[in-house]
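A short worksheet on the structure shown next.
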Amino acid sequence: MKSVARFAYRRRWLILAVWVILFLGMNALSQSFGTAYANTFTLPGTNSTHALSLLQSGFKSKSGDVDEIVFQARTGTIASHEKEILAMDKKVAKVAAVANVVSPFVGGSLQISPNGKIAYSVVYFTKQGYKLKAAQIQPVENAGITARSSSLNVQFAGNAFEQLASQKGSPDLIYGLILTAIVLVLAFGSFFAMLLPLGVALFAVGIATASTTLLSHGLSIATFAPILGSLIGLGVGIDYALFIVTRCRQGLKRGLSPEDAIVTAINTSGRAVLFAGSTVCIALLGMLVLQLSFLNGVAIAASLTVLITMFASLTLLPALLGFQGNHVLSRRERRSLEKNGPEPIVTNSKWQRWANTVSKHPRKLSLVALVAIVFICIPFFSLHLGSSDAGTDPASSTTRQAYDLLATGFGPGFNGPLQVVGSIHNAKDEATMVALDQKLQGKPDVAVVAPIQISKNGKVAVIYVVPKTSPDSKITENLIATIRNDYIPAVNSTHTGIYVGGLTAIFVDFAQVFTSKIPLFVGVIVLLGCLLLMVAFRSIVIPLTAAAMNIFAAGASFGLVVAVFQWGWGSSLLNAGTGPVESFLPTIMIAILFGLSMDYQVFLVSRMHEEWLNTGSNEEAINRGQANTGRVISAAALIMICVFLSFAFGGQRIIAEFGIGLGGAVLMDAFILRTVLVPALMHYFGNANWYFPKWLDRITPHFAVEATEDVAV
């Protein structure tokens, strides 16, 4: 690490030029190629996948995404607007991505509400919504808007229009960056020192975003991945730079030359950054073991962002520090250094006093911290995984307005109809489907059962079932299970393949698949984390303590998400409705939280480990480590909270869930777990913290997270 730091310092113009060329080149390429993000996923072997396959084989014109253009007569009835609606339907039908359009005035009055005020046209796309690009969907919306007038309200419902309306970017990020800048100025007391972490992180995220855009052309990456990558990249990027700049400033205040201070910072805190960043990447890439295509692109894109920010912190940052020299200190600090000479390693600061307090009352403080974190975890046990529908969209969005109109005119279950699809081989199979259609009539929680439809080739039958409850309701989920497990077996004497599909059923299966994978994923990343910390700190107790802290942080984080997005505590401030938590959220959040928790554990314990190697005293090592890292860890946490919460107010529910969950987790991790619980437990455990069997030491690879020397030589 010393050679890397000295090269970056002495060849700082070259390093700066390389990074600038990389930034400009990657962004120019990404602009020329454009984006190809898509929410693609496969659920092989699931009930809804079989239903979709059958539907595609028998009803090709109906196998794509099924969406609605919703009309509301502000004056008169829908019948008085027949001319405008039919003209609009013809325009929509001419769009290349549209297979068919069914007008409310064709084939009876099922598409017109009983009061005649609300109606809809059905738009059958040629592909599923996640396979459609914005350029294919936008012409449909443009054609639909032509019918909108002061007397006729026109809105758009369905997965394709939901995808089109999803917000790109986070407009409130600027406020988070302003708060971050304020925290950095307060932490450093220097405007120039503030620019370094913020500038390096923004620069790295700019390159990472461009790289992810290019990667989207060869890899399926979800539409929310760029925003998620920016959220993670800014958070860890600013933190990594903050730790290095802080260590460099400490070296300068102790009398080191700018070059030696930079080399020492990279050789100590830089090692911790390398280890922490690698750990975050490993945690994110751990999602690949789940073999879920939807997660692969997200994992790779997020890991790439962290990797780029880590390398920027280890190369670009020392080069920029070389340009600033002693000006990374405030004027007051430079005057004090010139007048009073170098500062001691540990000063009589507030953090030193707090470290002493923790060392005197480890049991009491451990109990208080545990009670607090367990209390915050309580809502986690009410976690309901699923997929939020348009009912949780912002009230001003077209998808939310269409959702509300359909629910008003036809009932809440109309926004998530089920497709019961059966394979027909003979007359008995067809009779089975007819019997099933009759059995579903009048059942509890079923609002409407449409007449059975047989494909032209006579090989597939479909029954459309409208639940009484909304798509995100637990009652609807139970209805799907009841149809599959009770109603179908009761009539299926021929044992032909009959499956329940539709978007609602797909998301239910999606949630079940993800839920079944969570224990494996948690086990894998916790084991990897323990092994990495065991290698780094030559300890058994420290890795086990870290694993427990990671689980507490995750539980508390999900507790906050449930309280806000399921129970609705403060959700109105985020412009987000209440509903189930996205089924893929726990897996991605656990990976990110594991990485962030490991960051704080590494930065805190690595300094303690350094002091343990220097002094051999457990109590002194913990006190010094906490006193020297307390301020920077709290500042880093405040910065991450500012960044994460700024994304929470962007108006996109998925990103808001990540923002609240991650921001809350960092708050509790930094100010409860790492500030109180971890050091208190380490005081309580005593020298057992550093116990490592000799036989295990011989077979474990050696890697020093922190160098033992204080001055680079």
Side-chain angles (χ1 to χ4, degrees), residues 170 172-173 175-180 182-184 186-187 231-232 234-240 242-243 276 280 350-351 354 358 365-366 368-380 546 548-565 567 569-571 573-574 581 585-586 588-604 626 629-650 655-680:
S170 182
D172 293 326
L173 175 60
Y175 301 113
L177 294 178
I178 291 172
L179 289 173
T180 296
I182 293 172
V183 172
L184 288 171
L186 293 175
L231 183 150
I232 300 169
L234 285 174
V236 301
I238 294 173
D239 272 12
Y240 293 167
L242 173 63
F243 285 116
V280 175
K350 294 180 181 178
W351 282 105
W354 173 249
V358 174
L365 290 175
S366 295
V368 171
L370 279 172
V371 169
I373 206 75
V374 168
F375 178 77
I376 300 170
C377 289
I378 290 174
F380 163 75
M549 296 305 103
N550 291 344
I551 293 171
F552 277 132
S557 174
F558 292 130
L560 283 176
V561 171
V562 169
V564 174
F565 295 97
W567 297 356
W569 293 5
S571 60
L573 299 176
L574 305 176
V581 174
L585 189 85
I588 300 176
M589 270 190 56
I590 287 171
I592 299 171
L593 286 174
F594 172 82
L596 297 181
S597 295
M598 287 287 284
D599 277 0
Y600 290 123
Q601 183 76 1
V602 167
F603 286 121
L604 174 64
Q626 187 174 13
T629 60
R631 183 179 181 184
V632 68
I633 286 178
S634 61
L638 287 174
I639 288 168
M640 274 201 178
I641 292 167
C642 291
V643 172
F644 290 158
L645 291 185
S646 68
F647 280 88
F649 291 91
I655 299 301
E657 288 175 344
F658 280 115
I660 292 296
L662 294 175
V666 169
L667 176 67
M668 291 174 285
D669 197 311
F671 295 104
I672 297 179
L673 298 181
R674 312 300 160 179
T675 302
V676 182
L677 191 54
V678 169

Residue set satisfying side-chain contact (heavy atoms from CB on, under 4.5 Å) with Trp569, at least two apart, ordered chain then number -> Ala563, Trp567
Residues passing the ring-ring contact (aromatic ring centres under 6.0 Å, His included) test with Phe243, sequence neighbours excluded, are Phe603
Test item: Phe552 and Ile672 side chains (from C-beta on) under 4.5 Å apart, heavy atoms: no
Residue set satisfying side chain to side chain donor-acceptor pair (under 3.5 Å) with Gln601, at least two apart, ordered chain then number -> Arg674
Steps toward side chain to side chain contact (heavy atoms under 4.5 Å, CB included) verdict (Phe380, Val561) | CA-CA 8 Å; Phe380 163 75; Val561 171; over 6 Å; no
With sequence neighbours left out, the residues meeting side-chain contact (heavy atoms from CB on, under 4.5 Å) with Ala556 are Ile373, Ile376, Cys377, Met668
dist Ile592:CD1 -> Leu585:CG (nearest 0.5 Å) comes out at 8.5 Å
Between the CG atom in Asn550 and the CG atom in Leu673, the distance rounded to the nearest 0.5 Å is 9.0 Å
Review point. Between Met549 and Asp669, is a side chain to side chain contact (heavy atoms under 4.5 Å, CB included) present by the stated rule, with each step listed?
Key: CA-CA 8 Å; Met549 296 305 103; Asp669 197 311; 6.0 Å; no
Asp239 meets the salt bridge (Lys or Arg N to Asp or Glu O under 4.0 Å) criterion, sequence neighbours left out, with none
Practice prompt. For residues Leu662 and Ser557, determine if any side-chain heavy atom of one lies less than 4.5 Å from a side-chain heavy atom of the other.
Written response: no
In terms of heavy-atom contacts, Ala665 and Ala553 come closest through CB-O, 4.2 Å
CD1 (Ile238) and OG1 (Thr180) are apart, to the nearest 0.5 Å, by 4.5 Å
Side-chain donor/acceptor of Gln626 to backbone N/O of Thr675, under 3.5 Å: yes
Atom pairs and distances, side-chain donor-acceptor, residues 630-645, under 3.5 Å, sequence neighbours left out:
unit_1: Arg631; atom_1: NH2; unit_2: Ala187; atom_2: O; d: 2.7
unit_1: Ser634; atom_1: OG; unit_2: Gly630; atom_2: O; d: 3.0
unit_1: Ser634; atom_1: OG; unit_2: Arg631; atom_2: O; d: 2.8

Applying side-chain contact (heavy atoms from CB on, under 4.5 Å) to Val676 and not counting sequence neighbours gives Trp354, Leu365, Ala369
When you look at Ile232 and Phe658, which way does the side chain to side chain contact (heavy atoms under 4.5 Å, CB included) test go after all the steps? CA-CA 10 Å; Ile232 300 169; Phe658 280 115; over 6 Å; no
